[in-house]
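Everything on this sheet refers to the single structure shown next.
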Protein chains: 6
Amino acid sequence: MVEEIPVKKQQNTEIRAEDFRITEEPFYLPAGNEAVLFQAAYDARLPVMLKGPTGCGKTRFVQHMSFRLGRPLITVACHEDLFVSDLVGRYILKNDETVWRDGPLTTAVRMGAICYFDEIVEARKDTTVVIHPLTDDRRTLYIDKKGEVIPAHPDFLLVISYNPGYQSVLKDMKQSTRQRFTALTFDYPAAEHEITIICKEAGVDQETADRLVRLGTRIRNIREHGLTEGASTRLLIYAARLIRQGVAGADACRAAICQPLTDDEGLQETLDDLVKDLF
Amino acid sequence: MVEEIPVKKQQNTEIRAEDFRITEEPFYLPAGNEAVLFQAAYDARLPVMLKGPTGCGKTRFVQHMSFRLGRPLITVACHEDLFVSDLVGRYILKNDETVWRDGPLTTAVRMGAICYFDEIVEARKDTTVVIHPLTDDRRTLYIDKKGEVIPAHPDFLLVISYNPGYQSVLKDMKQSTRQRFTALTFDYPAAEHEITIICKEAGVDQETADRLVRLGTRIRNIREHGLTEGASTRLLIYAARLIRQGVAGADACRAAICQPLTDDEGLQETLDDLVKDLF
Amino acid sequence: MVEEIPVKKQQNTEIRAEDFRITEEPFYLPAGNEAVLFQAAYDARLPVMLKGPTGCGKTRFVQHMSFRLGRPLITVACHEDLFVSDLVGRYILKNDETVWRDGPLTTAVRMGAICYFDEIVEARKDTTVVIHPLTDDRRTLYIDKKGEVIPAHPDFLLVISYNPGYQSVLKDMKQSTRQRFTALTFDYPAAEHEITIICKEAGVDQETADRLVRLGTRIRNIREHGLTEGASTRLLIYAARLIRQGVAGADACRAAICQPLTDDEGLQETLDDLVKDLF
Amino acid sequence: MVEEIPVKKQQNTEIRAEDFRITEEPFYLPAGNEAVLFQAAYDARLPVMLKGPTGCGKTRFVQHMSFRLGRPLITVACHEDLFVSDLVGRYILKNDETVWRDGPLTTAVRMGAICYFDEIVEARKDTTVVIHPLTDDRRTLYIDKKGEVIPAHPDFLLVISYNPGYQSVLKDMKQSTRQRFTALTFDYPAAEHEITIICKEAGVDQETADRLVRLGTRIRNIREHGLTEGASTRLLIYAARLIRQGVAGADACRAAICQPLTDDEGLQETLDDLVKDLF
Amino acid sequence: MVEEIPVKKQQNTEIRAEDFRITEEPFYLPAGNEAVLFQAAYDARLPVMLKGPTGCGKTRFVQHMSFRLGRPLITVACHEDLFVSDLVGRYILKNDETVWRDGPLTTAVRMGAICYFDEIVEARKDTTVVIHPLTDDRRTLYIDKKGEVIPAHPDFLLVISYNPGYQSVLKDMKQSTRQRFTALTFDYPAAEHEITIICKEAGVDQETADRLVRLGTRIRNIREHGLTEGASTRLLIYAARLIRQGVAGADACRAAICQPLTDDEGLQETLDDLVKDLF
Amino acid sequence: MVEEIPVKKQQNTEIRAEDFRITEEPFYLPAGNEAVLFQAAYDARLPVMLKGPTGCGKTRFVQHMSFRLGRPLITVACHEDLFVSDLVGRYILKNDETVWRDGPLTTAVRMGAICYFDEIVEARKDTTVVIHPLTDDRRTLYIDKKGEVIPAHPDFLLVISYNPGYQSVLKDMKQSTRQRFTALTFDYPAAEHEITIICKEAGVDQETADRLVRLGTRIRNIREHGLTEGASTRLLIYAARLIRQGVAGADACRAAICQPLTDDEGLQETLDDLVKDLF
């Protein structure tokens with residue numbers, strides 16, 4: 001399928017580091033020494049892998065560290081139809097001339113950005129291979145279409161995230177890829193931290209946040225009852241926001257926490273009991 | 001396969017919000033607090049997921065809410081051959097110039113429409129990934145073909161629907177997607193509501209609608225006998241319309257309700273007994 | 001693979017309703033109230049699904065009803081490589097201009113034809129999704145390539161056929177599609193009807209037709225012995241035509257009925273015994 | 001992959017019936033009434049299916065009948081990458097003009113040729129669907145790329161072949177296709193016939209041919225020992241030709257009959273014993 | 001993916017038989033009557049299939065026979081991405097003209113070369129079908145892209161090779177293909193022959209070659225212990241060459257014979273014991 | 001998908017051997033006679049296969065040998081979407097002329113480089129076939145797109161690597177490929193060697209390196225507890241670098257060694273105990 005037609009007269013598309021720089025400090029409450037370790041890995045220019053469940057703050061952490069390190073952040077959401085040329089770049093027609101347009105990875109390599117591959121296991125295998133020379137002492141990107149080898153900018157760092165809960169035979173990360181990264185493990189925030197986060201993000205009072213966190217904790221504890229994953233901090237924030245819009249607590253929890261988590265009717269009843277206990 | 005050939009001289013194709021605005025109030029009978037919750041989610045700009053069986057009114061509900069909120073509605077029927085460029089847009093040739101044409105999602109993001117993805121689990125995985133940054137606090141759409149990041153219009157909202165009865169290992173929605181939505185659960189309307197709906201939609205009398213609803217209820221109760229799904233309100237309306245055309249009640253029920261539901265001969269006999277009881 | 005090259009100088013290809021109108025009444029012997037029900041469904045503009053085995057007259061019935069209703073008939077034989085653009089249309093180059101060419105479904109929607117999808121379960125899933133908005137109260141066709149929504153002509157009707165005997169896990173019709181249609185079930189004609197049909201279609205005498213129908217009935221009764229499907233009326237007509245060419249009855253039955261039905265040698269012997277009994 | 005580049009200046013490529021007419025009578029020894037039945041089917045214009053094992057003379061029979069009927073013969077070897085456009089035709093560029101070029105099926109339909117699909121079960125499903133309207137009373141070919149319906153020439157006939165021994169779940173012929181054909185079953189020729197054929201085709205004496213046929217018969221009788229298929233007449237002719245080149249009988253049989261039939265060493269020994277008995 | 005861009009100004013690419021003629025006699029030591037049988041098959045123009053394990057001399061034999069017969073040799077290494085157009089040819093742009101470029105098979109058919117398909121079972125099915133008419137008495141190549149039927153040059157011969165050890169359900173050769181070839185079976189050379197070959201190819205003394213052959217024979221005898229295939233003559237030659245470079249015998253055998261054969265550690269120990277016995 | 005658009009005005013892209021020459025000696029500590037064997041194989045121009053686990057120094061060894069032999073090194077990281085044209089080259093448009101651009105393999109063959117295919121089992125099968133004629137006495141590369149046979153430069157050598165631990169039914173290397181290579185087996189370095197490497201690569205003291213190596217050895221010894229692969233030397237170096245950045249030893253080991261190795265919580269505890277013993 002012809003998905004893209006050559007661009008003849010196009011607006012200027014210069015990509016500048018400023019566009020990817022994070023100008024306001026993203027709110028992030030450290031759970032442990034993850035910021036220290038990230039800083040050390042960055043200083044040694046070792047690639048970093050963030051492991052952890054959905055919605056526990058990995059993306060926010062990368063935004064936070066990019067701000068702290070003063071580096072632009074380029075994010076690539078991985079999926080199984082992401083081709084190498086989507087990352088590295090391609091030739092396009094422009095005013096009857098053919099010009100090369102860098103993809104996001106090439107841009108990051110050149111400008112010394114932090115390049116963040118979200119959910120790396122979803123990516124195609126060829127995509128994984130292209131990052132290998134960027135993660136060992138070569139620190140180069142090979143653009144086979146141009147026959148060009150680009151040495152990474154001294155400030156460049158590759159960061160990837162993945163959710164170990166999704167690991168499957170088909171989508172496992174190969175040891176030859178894994179063993180190219182230092183790894184930081186994330187989990188749901190501790191209760192007092194999560195309360196602070198919910199208050200800040202949803203604008204609710206301490207009491208509401210506390211109840212929501214207690215609900216979240218209980219749900220995470222019944223994971224062995226059949227839930228694929230526990231309730232993320234994000235869902236607790238969603239419920240808090242609905243409550244702030246005037247929705248009753250129990251209704252907000254059902255719509256923002258219980259229903260998104262599962263379609264199983266038995267589990268919904270269990271979740272409903274937990275909600276009733278608290279709201 | 002070359003499916004599309006560049007467009008050189010094409011009629012003006014400006015897309016205006018007016019074309020997607022719903023001008024007459026679509027008939028919708030609320031079953032519970034779904035309208036209130038949707039309103040609250042919209043006010044907090046939280047993405048919404050509608051869960052429920054075939055033909056129980058999810059699409060109608062979105063039309064209804066779009067009218068009430070005064071927002072244009074752009075609907076995308078998901079299927080496994082829907083590519084990201086079908087959603088986001090592509091470059092096309094026009095009068096020897098190459099111009100970018102926004103896809104329906106980009107249009108919705110720019111104009112502040114409600115964008116409704118019908119049967120999201122049918123979509124390709126890359127399609128699912130593209131909506132992620134629209135559903136967290138970034139509220140942005142990244143168009144990799146243009147290297148452009150579009151912040152969503154303040155009025156934009158993403159709504160998705162899916163049928164939990166179809167969930168399978170292959171087409172399950174990932175937790176990382178689920179946990180980005182508040183969820184409203186739909187079911188067949190209560191009897192008195194369904195009677196009102198049938199009378200209004202098919203123009204039949206109360207008595208006919210009542211019998212049809214009783215038939216529908218009984219069929220839904222025998223689901224454990226092997227029916228994949230119960231009879232939808234839509235099918236009851238179909239039968240009512242055939243009756244209104246002068247078809248005998250039993251014939252109408254067989255053609256509009258029993259035969260569409262299943263090919264199993266044993267089940268057809270069971271259904272036929274239910275029909276004979278009522279018509 | 002480039003399968004089609006742009007058409008620069010092509011003969012006029014205006015599509016006119018007249019080309020699809022059936023001008024002579026196709027012979028069809030009603031088996032029950034199927035014509036009445038079809039008429040009622042058409043009057044209520046409810047989409048129709050024809051269910052039944054191979055070669056029992058579904059296609060002929062649609063031709064017949066199209067003639068009686070005075071509507072043009074556009075037939076689409078479904079298969080797994082039929083793309084949405086094959087149905088809806090595509091842009092092509094013509095005399096250096098790019099013009100849009102409607103596909104058969106768009107043509108039918110515009111001219112108010114009956115559009116008949118033969119063996120719908122063979123179609124790709126995206127094809128199925130595109131007909132959804134045509135089968136509910138929206139009655140619209142959305143052409144995403146043009147960003148155009150076409151309201152169906154008031155006389156338009158969608159008819160689909162499928163053979164429940166082919167149903168499989170892979171090629172099942174989804175409830176969300178099924179529950180958009182009224183359904184008429186077809187089966188082999190009653191004996192006296194089938195005799196009349198064979199006499200008329202093959203030009204043989206009553207006696208020959210009677211023997212063939214008795215053979216057909218017996219074969220259909222031994223389906224549980226391993227035949228995937230019974231002998232269709234079409235095959236009985238084929239045998240009758242060979243007989244009319246002077247072929248001996250038994251030879252004609254073997255060549256036109258037994259051999260096409262199965263490759264199993266044991267079954268062939270059983271079928272041969274049935275033939276010998278009658279010819 | 002771009003497999004074909006538009007043809008600008010090409011030699012004249014008019015296709016004439018003469019090119020496909022068989023001018024010398026192909027040698028064919030009838031085994032039974034197959035020629036009579038084919039003639040009758042042709043006179044009634046009923047499509048014909050030839051069933052039988054590899055190398056037993058199906059292709060030769062079609063050539064023979066085409067000669068006898070004085071009709072051109074167009075053969076299409078089916079395989080799983082044969083697209084509809086390979087059969088029906090496509091648009092190509094020629095001297096800056098775009099012209100339509102008929103594929104072999106369209107050519108046959110227009111000129112009234114016998115169109116022979118060899119090993120039809122190997123074809124893609126869409127290919128099978130395109131022949132349906134040619135095999136019922138419509139006798140039309142629908143070219144969707146041109147929106148053109150071509151009525152078949154009165155002399156046109158469709159013939160297909162397939163090998164029931166290859167039937168598998170994946171490559172079975174659907175009943176809806178099977179029940180559109182009369183069927184002639186082929187098998188290895190009777191001994192005296194096969195001797196005549198070998199003498200004629202390989203130029204060996206009666207004695208050699210007789211021994212080869214006895215070998216062939218014995219091999220066919222041990223099929224239950226694990227051979228997928230028996231030795232074809234073609235292989236017996238190959239052995240006869242090697243013998244005629246001066247190769248010793250046993251060596252010729254091993255190279256031309258035993259080794260091509262199987263890779264199983266145990267079976268080779270069994271076959272070798274049969275060879276030693278006769279040569 | 002656009003893999004190839006039209007060639008506008010290209011150097012002359014006339015293909016001449018001389019380029020494919022083998023001018024020096026390739027060393028080949030006959031194992032039995034294979035050269036006689038090949039000669040007879042060539043004289044009768046019967047297609048030839050070479051069966052045998054990896055590295056036992058099939059390719060060398062074809063080179064040898066091509067030299068002896070004075071025919072050019074065109075080799076095609078088969079793989080699952082070899083398309084028919086890679087064999088038959090395609091249209092390309094050249095100086096604004098479109099010209100046809102023959103593929104290797106068409107070239108061989110026209111010039112009367114021996115065309116050698118190496119590892120035919122790896123080829124795509126469509127590739128196999130295209131050679132069928134070249135292997136029966138038609139001896140023609142049908143180029144569907146040009147609508148041209150090319151009669152084979154009288155000197156043309158088709159030769160294929162395959163390794164019965166690779167046969168699998170997925171990649172089996174169909175009987176309808178097998179039964180079009182005479183077959184010659186190859187195996188590892190007899191000990192005295194193999195010694196001569198190794199001396200000649202690696203330039204080592206008789207004693208070294210003798211030890212290597214004894215090692216090879218023992219390894220072939222332990223195939224039932226889990227080796228997929230025995231040590232090829234090629235590997236013995238490799239070891240001999242390393243020895244000739246001054247590497248110690250045991251080290252050379254491990255690097256050139258044992259390690260390439262298997263990754264199984266237990267088997268490596270067994271192989272190592274065999275090596276130690278001899279070096 | 002159109003991934004690449006023709007290049008009209010592009011910077012000069014001459015590829016020179018100097019660009020691929022390694023100018024500084026890469027640090028490599030020999031484990032045994034691998035350098036001697038590689039030298040002998042190179043002198044005899046025998047292709048070389050490097051077998052061994054992830055991160056044990058195969059790539060570094062090839063860089064080292066390329067430097068010692070004074071040959072340019074061209075590396076190709078194999079993956080399942082690497083097409084033959086990516087290796088061999090393709091035609092591209094340049095200033096309205098079409099020019100051929102050699103791929104990395106062709107470049108290596110012409111300039112006499114060492115061409116290194118990293119993780120060959122990941123490559124597509126067609127890619128594997130294209131190297132066959134380069135690995136036997138033909139030493140030629142056949143470019144089918146140009147109909148050109150390129151004899152390899154006398155200094156050219158093909159080197160491949162693969163990890164036996166990844167071998168699977170789907171991605172096994174065929175014997176017909178394996179038996180074309182001499183093979184060198186790699187493993188983790190001996191303790192004293194590994195200490196030297198870590199000191200040199202990470203700049204830590206002997207004591208730290210010693211502890212890390214002891215940890216690495218213990219982890220490799222518990223592989224049977226469920227680890228897919230042991231800790232590579234690379235990971236030990238990573239930990240050493242974090243320590244050098246001031247991170248506490250245990251934290252560094254967890255982030256750089258334990259977390260990258262596995263997601264299994266039980267295994268993490270076991271690994272943690274090993275860490276605690278040493279740091």
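Keep in mind the model is a prediction, meaning the values are calculated, not measured. The chains referred to below are lettered A, B, ... by the order of the sequence lines, with proteins before strands, and numbering in each begins at 1.
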Do any N or O atoms from the side chain of B:Gln179 and from the backbone of A:Thr54 form a donor-acceptor pair under 3.5 angstrom?
no
Looking only at heavy atoms, the pair that brings A:Tyr238 and B:Phe181 closest together is CE2-N, 3.7 Å
State the CD1-OG1 distance between A:Ile257 and B:Thr182, to the nearest 0.5 angstrom.
11.5 Å
CG of A:Asp251 to CG of B:Asn33: how many Å apart, nearest 0.5 Å?
5.0 Å
Please state whether the side chain, the backbone, both or neither of A:Cys258 comes within less than 4.5 Å of a heavy atom of chain B.
neither
Output the option from A:Ser232, A:Ala252, A:Ala77 having the highest count of non-hydrogen pairs under 4.5 Å with chain B.
A:Ser232
Evaluate side chain to side chain contact (heavy atoms under 4.5 Å, CB included) for B:Met49 paired with A:Gln259, printing each intermediate quantity in order.
CA-CA 9 Å; B:Met49 177 201 299; A:Gln259 287 297 340; over 6 Å; no
For B:Ala44 against A:Arg241, the heavy-atom pair lying closest together:
CB-CB, 4.3 Å
Does any heavy atom of chain B fall under 4.5 Å from the side chain of A:Gln268, the backbone, both, or neither of them?
side chain
Is it true that a side-chain atom of B:Arg178 and a backbone atom of A:Pro260 form a donor plus acceptor pair closer than 3.5 Å?
yes
If one checks every heavy atom of A:Gln63 against chain B at 4.5 Å, the contacting part turns out to be side chain
Examine whether an atom of B:Arg138 lies under 4.5 Å from a heavy atom of chain A, and if so say whether it belongs to the side chain, the backbone or both; otherwise answer neither.
side chain
Exercise: identify the closest heavy-atom pair between B:Leu184 and A:Ala255:
CD2-CB, 4.5 Å
Point-to-point distance, once rounded to the nearest 0.5 Å, from CZ of A:Arg254 to OG1 of B:Thr185:
10.5 Å
Proximal component of A:Arg60, with respect to chain B [non-hydrogen, under 4.5 Å]:
side chain
Tell me, yes or no, whether the heavy-atom count around A:Arg244 atom CZ, taken from other residues, nucleotides or ligands under 6.0 Å, exceeds 12.
no
Measuring heavy-atom distances to chain B, does A:Ala239 have an atom under 4.5 Å in its side chain, in its backbone, in both, or in neither?
neither
Contacting region of A:Leu261 [heavy-atom separation from chain B under 4.5 Å]
both
Assess whether atom CD of A:Glu25 is packed by more than 12 heavy atoms of other residues, nucleotides or ligands within 6.0 Å.
yes
